[in-house]
Asks: 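Quick one: this structure, given as structure tokens, is what I'll be asking you about.
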Amino acid sequence: MSGVAPVEHNTQGIAPVLDANTTPQEAREAFRRGVVRPTCGIARGFAQANMIALPREYAFDFLLFTQRNPKPCPILEVLDPGNPKPSIAAGSDIRTDIPLYRVWEHGELVDTCSDITDIWAQHDDLVTFLIGCSFTFEFPLMEAGIPVHHIEAGRNVPMYDTSIACKPAGRFSSTMVVSMRGIQPDRIADAVRISGYYPSVHGAPVWVGEPEGIGIADVQHPDYGDPPIMEDGDIPVFWACGVTPQAAVMASKPSFAITHAPGHMFLTDIPDRSFMV
């Protein structure tokens with residue numbers, strides 16, 4: 001199963017096939033050339049990461065926020081102020097190697113773009129946080145025979161704001177964002193067990209069934225990503241999501257921030273098995 005998703009935008013008029021067999025390096029190069037698409041289903045066997053970059057004055061408070069909320073915000077790497085070169089992906093550049101970025105001012109979304117080089121040049125002290133992503137354990141789920149419907153359909157994962165409170169830290173507070181996958185009842189225990197092997201990329205689910213119990217009124221209308229595909233008998237299973245920092249930006253209103261667009265992740269060179277426990 002390749003899980004090829006449609007190319008949403010490509011500034012160079014090139015439409016390379018990005019699928020499970022694409023390497024992280026090949027995907028990052030495609031993103032530099034202007035390909036924009038969600039990264040679910042790409043680069044089987046390698047970890048993906050959420051991203052947020054904040055001015056240095058906010059970095060300690062946000063680091064404390066991640067330490068107090070490791071389920072939605074498991075840290076993979078923190079870069080020095082102004083450094084755009086992650087060590088978890090050789091030759092990569094955080095300014096160009098994510099397919100789609102969001103730019104925030106005082107908690108308001110002010111821009112969406114596929115290259116932040118010029119914006120980065122105006123802020124010389126940005127501290128970048130790379131946070132684990134549940135896309136990392138989707139291939140292990142599929143290898144165990146558990147369908148991941150959004151990959152099969154070439155769509156983005158559905159994500160939702162919830163009523164689950166995160167622990168505040170300094171200037172940051174928010175509720176948790178979750179991603180959802182519909183799973184047959186007889187495979188839920190397997191999905192919990194398999195994802196639980198990967199605590200650095202959100203680990204086991206935070207909620208199973210009854211979305212109203214965590215403040216989700218209608219699973220067919222996600223706050224981020226695409227509407228879910230649910231087969232007969234599927235139970236909604238919810239995992240903590242690395243879009244939670246964007247909820248914290250909206251709630252806490254730092255003067256400036258750059259994040260990935262939900263579902264458009266940074267692909268690392270680190271094998272997903274490296275994060276198993």
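As a basis for the values below, the full set of heavy atoms in this structure was taken, side chains included, without hydrogen atoms, waters or symmetry mates.
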Asks: Restricting to pairs with a member in residues 78-87, which pass side-chain hydrogen bond (donor to acceptor under 3.5 Å, both in side chains), not counting sequence neighbours?
Replies: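 Those involving residues 78-87 are E77-S87, K85-D93.
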Asks: Quick one: which residue pairs count as a salt bridge (Lys or Arg N to Asp or Glu O under 4.0 Å) with a foot in residues 227-251, not counting sequence neighbours?
Replies: none
Asks: When you check the gap from the basic side-chain N to the acidic O, do R95 and D115 get nearer than 4.0 Å?
Replies: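 Salt bridge between R95 and D115, a charged N being under 4.0 Å from a carboxylate O: no.
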Asks: How would you list all residue pairs meeting salt bridge (Lys or Arg N to Asp or Glu O under 4.0 Å) that involve residues 131-142, not counting sequence neighbours?
Replies: E138-R181
Asks: For D161 and Y224, does a side-chain donor sit closer than 3.5 Å to a side-chain acceptor?
Replies: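 Yes, because at least one side-chain N or O of D161 sits under 3.5 Å from a partner of the opposite role on Y224.
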Asks: Test of understanding: with side-chain contact (heavy atoms from CB on, under 4.5 Å), list the residues that count as partners of Y197, not counting sequence neighbours.
Replies: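 Only R193, M276 meet the side-chain contact (heavy atoms from CB on, under 4.5 Å) criterion with Y197.
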Asks: In this structure, is the centre-to-centre distance between the rings of F62 and F172 below 6.0 Å?
Replies: yes
Asks: Can E57 and R171 be counted as an ion pair, charged N to O under 4.0 angstrom?
Replies: yes
Asks: Just jot down the ring pair (Phe, Tyr, Trp, His ring centres under 6.0 Å) partners of F137, sequence neighbours excluded, or say none.
Replies: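 Residues passing ring pair (Phe, Tyr, Trp, His ring centres under 6.0 Å) with F137: W239.
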Asks: Between Y58 and S255, is there a side-chain heavy-atom distance shorter than 4.5 Å?
Replies: yes
Asks: What pairs with Y160 under ring pair (Phe, Tyr, Trp, His ring centres under 6.0 Å), at least two apart in sequence or on another chain?
Replies: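 Y160 satisfies ring pair (Phe, Tyr, Trp, His ring centres under 6.0 Å) with no other residue.
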Asks: Using the side-chain contact (heavy atoms from CB on, under 4.5 Å) definition, which of the options V110, T259, L109 pairs with V103?
Replies: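 The residue from V110, T259, L109 that satisfies side-chain contact (heavy atoms from CB on, under 4.5 Å) with V103 turns out to be V110.
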Asks: Taking C-beta and beyond as the side chain, do P227 and P158 meet within less than 4.5 Å on heavy atoms?
Replies: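 Side-chain contact under 4.5 Å: no.
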Asks: Parallel, tilted or perpendicular: which one describes the rings of F135 and H150, with boundaries at 30° and 60°?
Replies: tilted
Asks: If you apply the rule side chain to side chain contact (heavy atoms under 4.5 Å, CB included), what do you find for I270 with F46, and how did you get there?
Replies: CA-CA 6 Å; I270 307 300; F46 292 92; 6.0 Å; no
Asks: Less than 6.0 Å separating the ring centroids of H123 and F256?
Replies: yes
Asks: Side chains of Q48 and T39: donor-acceptor distance under 3.5 Å anywhere?
Replies: yes
